[in-house]
Number of protein chains: 2
Amino acid sequence: MQVPSPSAREAASMYGTAVAVFLVILVAALQGSTPPESPFPYRIPLDPEGTLELSWNVSYAQETVHFQLLVRELKAGVLFGMSDRGELENADLVVLWTNGDSAYFGDAWSDQKGQIHLDAQQDYQLLQAQRTPQGLTLLFRRPFSTCDPRDYLIEDGTVHLVYGILEQPFSSLEAINTSGLRTGLQRVQLLKPNISRPALPADVRTMEVRAPDVLIPGQETTYWCYMTELPAGFPRHHIVMYEPIVTKGNEALVHHMEVFQCAAGFESFPHFSGPCDSKMKPERLNYCRHVLAAWALGAKAFYYPEEAGLAFGGAGSSRFLRLEVHYHNPLKIQGRRDSSGIRLYYTATLRRFDAGIMELGLVYTPVMAIPPGEAAFVLTGYCTDKCTQLALPPSGIHIFASQLHTHLTGRKVVTVLARDGRERAIVNRDNHYSPHFQEIRMLKEVVSVHPGDVLITSCTYNTEDRTLATVGGFGILEEMCVNYVHYYPQTQLELCKSAVDAGFLQKYFHLVNRFNSEEVCTCPQTSVPEQFASVPWNSFSRDVLQALYGFAPLAMHCNKSSAVRFQGEWDLQPLPEIVSQLEVPAPRCPASQRLSPVGPTVVNIGGGQG
Amino acid sequence: MQVPSPSAREAASMYGTAVAVFLVILVAALQGSTPPESPFPYRIPLDPEGTLELSWNVSYAQETVHFQLLVRELKAGVLFGMSDRGELENADLVVLWTNGDSAYFGDAWSDQKGQIHLDAQQDYQLLQAQRTPQGLTLLFRRPFSTCDPRDYLIEDGTVHLVYGILEQPFSSLEAINTSGLRTGLQRVQLLKPNISRPALPADVRTMEVRAPDVLIPGQETTYWCYMTELPAGFPRHHIVMYEPIVTKGNEALVHHMEVFQCAAGFESFPHFSGPCDSKMKPERLNYCRHVLAAWALGAKAFYYPEEAGLAFGGAGSSRFLRLEVHYHNPLKIQGRRDSSGIRLYYTATLRRFDAGIMELGLVYTPVMAIPPGEAAFVLTGYCTDKCTQLALPPSGIHIFASQLHTHLTGRKVVTVLARDGRERAIVNRDNHYSPHFQEIRMLKEVVSVHPGDVLITSCTYNTEDRTLATVGGFGILEEMCVNYVHYYPQTQLELCKSAVDAGFLQKYFHLVNRFNSEEVCTCPQTSVPEQFASVPWNSFSRDVLQALYGFAPLAMHCNKSSAVRFQGEWDLQPLPEIVSQLEVPAPRCPASQRLSPVGPTVVNIGGGQG
């Protein structure tokens, strides 16, 4: 709220006046893109105070996103954009700025030092700038891909939005450096799938799972746990939809929420409402891990496909539910109260199919490890043809949603479907995956998996800040590579994952020992994590580990539950051979770029003397 | 010369008439690019018959090439363009075509099946189409980079130009497939360096080294050898320039020429004029290998820098010279006579510095091998800091030209200069290197190498058509990775090359043996080529070989001549560590693309009724 110098304050105020006078500053035709009924179905706050609010829609036909940015308290300008992982350097930006006389809107980029430059190609197209009672709204659009190498390619999966507040005028765009600004990032799935909402059944009922009247702690991160239960004798139902309930005013604080069902084995669970890491939290709550619903910032309602629902209630399942709310409060706001939660829509008229959840990727085992100091090391887990042949029904299963999961070093995740050695479809891909933003995502298109198909899940990790190997495991400093796929009809197959054969890993330790003339302890009583900890990491031990993972046979987990395997031989399984990979489609360069201006748009014509 | 059907012939003839009537069809302003004095300094025939002739110039300021294509006998159209290695599939093309009524000029591309499509972005800009007595000339320009992913990026080094003749009208561009046309390729260095020619000394004299009246054999490939000699008592001179002499009419047949000096040790050499592979060729001619001059198609005169010259004549050097002319005669034309050769410009007033030639890259040894079935396997040779420290003068040496060399599987070659672990400059790079086009190239900028610098030469090989490993060596089916750099002042260092340490390679054979449970013979009496021949090639043995080459210590050759080493320990030398690589500059997307038409240009307005 501070304006740093009198002259700057004056200029900013002049600017504000000028904007007020020219209510509609610039209106351009939408060029054939009639806005849909609800023009901006998606909306999120960008900053923790909610002064910047982004709404948007997606046109897959035009491969374009329309953005509406609401700036509640405009100072001397604002910048907004996208970058690989939310950094303000090497970002693709739009900047609204003033030099004190005039205001400009331009497509820009920041270099690796955060200095801003005008883009040679102006791909963000300003359509409207308008003063409303709430603030200044900027309406602009941007093609998914621009073929400008300075620009961010908008893809499926997570997009790291960045913003910055200009508190004073700048003589030129080049005078701005993002390091001197108040900036931040917000993660969101920008390209929401364009799927039609199945009709809700006539007998649909709702149930709200909310933690009543939580006093949000004045700390950056809180996971709040709240226990509740289904009515006694609640029979088997199908959840067909769920949606978030976010307490008004807390939109920028409620980061994500999940509803878990507790394990069926226990008679009862204690009541609790408090931080999940509290010492007061009963141990037994750790047995409430079966996901019923999950929501994250920016997500809308989650619909099950018309022919399937998620079973809950009835015999053989627990009545007890745990709600987990992640409050993200970087400004450490005190005294805020919240009653957010999730509203379940369910029906007693069971649908044709039960929906199920299957785990793909890597087994939680230390034999899969990432060397330290790696910028992008890839580990891959397989669900082999042999397992799908045995476990899937002849008509196959249909994956309609997916939740990707790694621990802290995960940077990308992808699952590919292969048939007869050829990659056929992407099940889900996130090239900008963040472990801090794990939402269940509806797939753009349902992917059908048939007996004999192979599912290949690859995770890319960054261990540049670590000095020891990162091994697979449950710990937060260990790693995972998992894709929880939501599918129907439910099968017995709960887990289809792999790891490298342990014997081949021992050959690797021998070999590294031989090459480096150093002692890698390979004695049987030494654990694999200890062996990895004693590897002298260099280009050879790293490259050979990677070669091993790309060559050695697999230990397969083709399991009915985490403990019960399907019958068969699952050790020393051959690595699936892929003879042809999916072609990466060449980005479509929009013809509209030629119609765009070559320089910034003057927004505030005739201002400055106001 | 055949027109396939009467209606097509008719249409083609109508088209020819129409072109003749509209002499100047389309003239566009050159938009600030005033043509230089000699507008097109470079010229080559594209096809063996010379019916297509390309002239061009390069503007480094505008990063643009202006092309003038002369079509001597226009039929129904022509296509011209560039592709990775001269294939007509996945090529970046301009097409002049007619549908019988109108003629069009457009920027197009061919897909992997050779089918032609119009480019979304028109980056070849037609400036003029003109009928002259010689034929139709098309003047068009193209930026080096266009940021259109369908377009070829024009870089330093070899460019594979492709062409095709349209013998009949096509209803549309999409109806054309390159597989049905008469097509071909021509390799050329498109981006000739823009260096000023040093003035020739007043006392410059010339000497022509030509094979008189050769009857060019009626076969595709002939290397012609011709022996000549300097006058008796010819004293020491400096060659300061040389240029090709190509017999008129044979421009499309003379592919490259080299003048070699024979070894000083022999009293005399026999006379000879005949194919180099003739059984009649005297054995002793194999001792004539010291390059004095080299020219290849498309190259112009070669100038030494003002302060240096290449010594020849005088005591201690042979009087005998061997001229080698490569005739490329794919149409197997009979009875053509030729007296092409090279004209040397030399001076008795010795310049300040002798120029020298140094060999960088890999030692000719089988320890450096390429697995079979590789699309792009890289081998790297080093000239280490220890060697340059010892052998170079304190003021360093200046590299002004370079000739890259591999055998048949070479696809890319690059030499990088590193200092203090950081890459500093590219000495020479060819991303589209062809073993069939090895010319000495002047560097755009002289590269100075100081004591303690490292020179890293990497070659990329394609062995997809081989089933056994390709080992290093002299044989044409073995491989080399060499950069002959031309520099001054001459030093004693003639050869600065490396190979992997032989002991570490033996560890590799042991390891592969252990992993594959197969027999790789590692007995001392087995040769390395035999050991490589028995490796079971799979992803692991391949990846580990690559890892070995990137990790194991070096055997250095830091030699005064191929036999005499500089004093010091040259075995088990550490691999130079590179902590920062040269940044790849983002391609500049020309603003002019926005001014270009979005579709093809109609060339023949009002034609078709002619």
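Each chain gets a letter, A, B and so on, in the order its sequence line appears, and its residues count up from 1.
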Under the salt bridge (charged side-chain N to carboxylate O under 4.0 Å, His left out) rule, collect the residues that match up with B/Glu63, sequence neighbours excluded. B/Arg588

Can you see which heavy atom on A/Ser539 is nearest to which on B/Gly550, and at what distance? OG-O, 3.3 Å

B/Glu577, part contacting chain A, at a heavy-atom distance under 4.5 Å: neither

Please state whether the rings of A/Phe540 and B/Phe551 are parallel, tilted or perpendicular, taking 30° and 60° as the class boundaries. parallel

If I take atom CD from residue A/Gln112 and atom CD from residue B/Glu583, how far apart are they, to the nearest 0.5 angstrom? 5.0 Å

Return the set of residues passing salt bridge (charged side-chain N to carboxylate O under 4.0 Å, His left out) with A/Glu374 (not counting sequence neighbours), or none when no residue passes. A/Arg542

Separation of A/Lys507 NZ from B/Leu511 CG (nearest 0.5 Å): 10.0 Å

